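Below you'll find the structure, written out as structure tokens, and then a few comments.
Treat the numbers as computed from the prediction; the structure is a model and nothing was measured. Quick note on labels: first sequence line is chain A, next is B, and so on, each numbered from 1. Worth knowing before you read on, the calculation uses all heavy atoms, side chains too, and leaves out hydrogens, waters and symmetry mates.
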Amino acid sequence: MINLPAAWRFSAALAVVVVSSLSLFACSGGGGGGSSPPAPGPVSVSGALSAPSFNATDSDVNNPDEAYTPNNTPAQAQPLPNPAVVGGFVCATPTGVAGDRFQSTPDPVDYYRVSLAAGQAITLSFNMPAGQTSASLNLDLRLLDSTGQNQIQASQGFTHTELVTAPADGTYVIEVTAKAGSTNYILSIGRPTPKLASVDTQAEFVPGEIIVRFQNRGGKTKSAASESLAARAAAVGLTPLSGSAGRPMRMRLEKGAGRTKAFRALGIAENNSAQESVEADTEAAHKRDTVRAVQALRARADVAAADLNYIRRSARTPNDTFYSRQWDLALIRLPQAWDITTGIPVSGQIIVAVIDTGVVLNHPDLAGKFVDGYDFISDPTNALDGDGIDPNPNDPGDSLTSGTSSFHGTHVAGTIAAATDNGIGVAGISWGAKIMPLRVLGVQGGTSYDLIQAVRYAAGLSNNSGVIPTQRADIINLSLGGGGFSQNEQDAFSAARNAGVIVIAAAGNENTNRPSYPASYNGVISVSAIGPNLDKAFYSNFGPSIAVAAPGGDMSVDLNGDGFPDGILSTLANKTYDANGSAIITNNYNYYQGTSMAAPHVAGVVALMKAIYPALTPAQLDAELAGDTITQDLGAPGRDDIFGYGLIDALQAVQRAQILANGGASPLVLMITPTALNFGLTRTPQSLTVASSGAPINNVTAVTGANWLTISGSGLGNYTVSVNDAGLTPGVYAASIIFSGNGTKNVSVPVTLQVGGAGAGDAGLHYVLLIDPATSETKYTTTASPDTGYRFNIDGVAAGDYFVLAGSDLNNDFVICDPGEACGAYPTLDLPTTLHVNGTPITDINFVTGFAPILGTQATPSLPAQSYARKLNKQ
Amino acid sequence: MYRHLLILSLTLSACTGPDANRHTKEMNLRVLAANAPCAKAEKASIVEVDASQVLSARLPNSTPADNTVLKNERVLIISMGMRPTAGYLLNLASARAPLNGPVLNIPIVWREPAAGSMVAQVITQPCLMLAVEKGEYSEVRAMDQNGVERARLAL
């Protein structure tokens, strides 16, 4: 501030006024004659947030503005609802940051108390920033008994995800510990899901037979009798078959009473579900019991190794250069399937339409694999080939930056049908299939309209190209997604299906159960992704629309130890520019990961089926999937939201095609949607639809296993499911509805209910921001608390356009919407839209906020989640 | 007279934009590689790597001169992080980065697929490996076309 002598002040003040006027004129860039209407005055903007009932917040986080209740001991364990998604914070050492709640004292452990059902998974996840290692940032998860003193299970790895599972119904204490570093975290308690099989179940094995090698007891206790085959078998309840002490022994798990004896000896819980009781004597159940017995044996301290007795067969091995790196093909038993067919049809050709970025038509490992295709990208600026739609589906690249074009369609096409056994490159799944390349994805992605045209072309229907292909496609592969539901798109896929085309789509990579399209359309087979260890790939979507799983890759690991990341290897290309700016496209091979890679595995296997049984219809394929005839079951028995009906199995698929080709029938199965019901805290009745995969099914009935669960309806059609929690104590309840019908296998629909529960709908203190969309600058800030129903009000908002964003700041870094913090946008995080403020108060800005179940599931809207990390104007 | 000079200087300072005296120096930038294999980060970040990593990231058809790192340069990798789909773009907006005090602001183009657009369902990790002229700066920030800071690195 300038201090002027008194004699100057008046004149200086006058001069400043004059000069200020001149300054305004000079700086404002122009005046001119005439007057404009005054800008509208500032007004208030108000509304309310809402957090899902299953959201809860750690009661002791680093932000001192948040309410505080310590949960640092089992006695202080914070009650949680079930299901729940909890946002929390821990720090192994004091943060040392002024203003932090934990500036001077650490918060290394959080305890929670919750009622769980058997099989429920508790997942802990946190963000691992670049540059951090497990030595600098590591959290552990433990499941303790209700006293909090005894460990039930622990997950103490070195990755950013930990998982434990409740072994039985009951009350538990969950412990989250910071072993190193400080971070936000997400604790997720999900629907009961039986433990994933850790045994390699996709291979053929002899039902009931187990190969066991016991530890040598040694020392003074060693005795020949106790280590004999008979003694060892008796100790674990199995029937001895062959082998002796000191080497692998072959034993058998019997059915019936023998099963009961073995399960008791091995500590396996019996009859966990009504469905298991119904199916106890089937071969499928016997195989499942065998797997469980192997798992139980492996957990014993006296067992060195336990395995299924696999059936080994000769398998066709192509001579392609990089075949040894294609772990995904053996995982779905392609070598065995190729013994039966390599996809070369008896007559004609099997065509798979790849609707994608186009394909590099001159790739040497795709030579001779094409039928005519088309480029349906209607916007020349998106197409990068100088024109709109045209008959050339060659992929020119989808980026103008050297080295960054994806050539995604080429990768997909290679997985399906790369030229195989030709001494170069990679092996395709169907050696004999032809690819119909159809371009819809350009530099800016694709549009709904272009996609519809491509689908119609593939199906042999009229379309904007004016061309009807000589032979329509048998299969359509869609390794693409985005956008919401479109009735026009649904109609196009329905038309394609009615024309006999089998449509397969990638489920999406957001690790969410929100519907992704086109995968979630009726009649489209949605494919989720697994990694090399048969677990769900970290990115893969899941949910009720998932029909089947297939390898999508996981490039963060190298589990097969071949020195390469465990992605999916296929044909690819690279585009660079020479000194003259001319594009140079180099053909090569490389790894990708995603549900984009999973879908073509299914498309390729279906092409193999078609080579044997060209008449295979979409409905028949649905029935084969629902009948568990062409998949290896993963996850929960039967269908589940993660793997659908299981991992596609090429060997079973071609064997089933042989049966169908010889006059066999597809299984008659009950098709039920949705496939599971979770009432949570709500009591509104829910609906189920029951249909047949083929001929009408008679005597369809439904029975429930709980007196709080009722169902009304009969036969094929709609059912209403109601719950009544009268007399139930607080906790989580799980039951199943068993549907049965003449000539069909039973189908179980799991139902979950929560009674009571604490912390429902609490995603923590929120900061509500109004953001200038042009500059991304935060213009206004206020707070919204769960204590006041998350209502907020911002006064004095000037006229203009704004994005409305809200989020929590658990770690007190003055940035909201960090990984592990709640986030929401108006009207939805998926698609935030501009709020126009123009002199009239706005009172209904209501939107949802909350934690994402697993980090990374925040939607990617036009304002991407990362850019929601806004500095707060906190004092 | 001094009164008028004072007022004149006040006027000049009132009219002068905030950026007039801010950028007195710029550092040179070169793209060494884009996309894999320089992509490893899970979230948006800037990291400094040893010049020896440039060879492994050599683009096809590049000349040795393209990949040489001069003694007065450092190698930085700007990453968008792991993205669930295709359609993301990370580019260098200019071959020169303005110095703002101790902070070097690297101008980038950062584009994401429009909400609701249809894209390939493949995991991508857009990134840039840059040769950045060394200078008297202790922090590097990646600033996109909208002035949004995307990542920073304290050197």
Side-chain angles (χ1 to χ4, degrees), chain A residues 2 8 11-12 15-16 19-20 22-23 26-27 127-131 356-357 398-399 401-404 406 408 411 440-441 444-448 451 479-484 506 508-510 539 555 574 576 578 584 586 592-597 775-776 819 830-831 860-862 864 866-867, chain B residues 3-4 6-8 10-12 14-17 31 33-36 40-47 59-62 77 79-92 109-126 128 144 146-148 150-151 153:
Chain A
I2 300 173
W8 286 31
S11 55
V16 167
V19 168
S20 295
L22 292 171
S23 302
C27 294
N127 187 50
M128 183 71 88
D356 213 290
T357 62
D398 54 7
S399 171
T401 302
S402 189
T404 63
S406 72
H408 180 262
H411 197 279
V440 299
L441 298 178
Q444 298 153 5
T447 66
S448 180
L451 173 64
S479 287
L480 48 80
N509 297 338
E510 304 277 352
Y539 51 78
M555 293 175 65
N574 189 41
T576 55
D578 64 18
I584 303 172
T586 309
Y592 272 161
Q593 60 181 345
T595 52
S596 269
M597 284 64 250
T775 65
S776 298
D830 290 9
L831 197 65
T860 308
S862 53
Q866 278 75 3
S867 77
Chain B
R3 221 180 294 176
H4 297 299
L6 172 62
I7 292 167
L8 181 61
L10 286 172
T11 305
L12 287 171
C15 280
T16 304
V31 176
N35 252 10
K40 290 293 182 283
E42 287 199 8
K43 65 177 288 187
S45 62
I46 306 175
V47 296
L59 291 170
N61 304 315
S62 64
I77 296 180
S79 298
M80 261 191 169
M82 185 175 292
R83 299 293 168 151
T85 67
Y88 292 82
L89 175 70
L90 181 63
N91 258 347
L92 197 59
V109 176
W110 175 294
R111 295 207 199 283
E112 309 201 6
S117 64
M118 191 185 318
V119 287
Q121 296 297 305
V122 60
I123 303 294
T124 57
Q125 291 177 284
L128 289 173
D144 76 8
N146 295 320
V148 175
R150 293 296 180 173
L153 172 69

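In this structure, A:T595 OG1 and B:Q121 CD are separated by 5.0 Å, a value rounded to the nearest 0.5 Å.
Here the closest heavy-atom approach between residue B:A120 and residue A:S596 is recorded as C-OG, 3.9 Å. B:V122 and A:N509 make their closest contact through N-ND2, 3.5 Å (heavy atoms, listed as atom of the first residue, atom of the second, distance).
Your options are A:G484, A:S399, A:G481, and the one with the most heavy-atom pairs under 4.5 Å with chain B is A:G481. Contacts with chain A were tallied for B:L90, B:D144, B:N91; B:N91 has the most, counting heavy-atom pairs under 4.5 Å. Your options are A:D578, A:L451, A:T357, A:D356, and the one with the most heavy-atom pairs under 4.5 Å with chain B is A:L451. Contact count against chain B (heavy-atom pairs under 4.5 Å) is highest for A:G446 among A:G445, A:S406, A:G446. Chain B forms the most heavy-atom pairs under 4.5 Å with one residue out of A:G508, A:G482, A:G594, and that residue is A:G482. With chain A as partner, the option from B:I46, B:V119, B:T85 having the largest number of non-hydrogen pairs under 4.5 angstrom is B:V119.
For B:L89, the part lying near chain A is the side chain, with the backbone staying farther off; criterion is any non-hydrogen pair under 4.5 Å.
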key: side-chain contact (heavy atoms from CB on, under 4.5 Å) between B:M82 and A:Q593, worked out   = CA-CA 11 Å; B:M82 185 175 292; A:Q593 60 181 345; 4.3 Å; yes
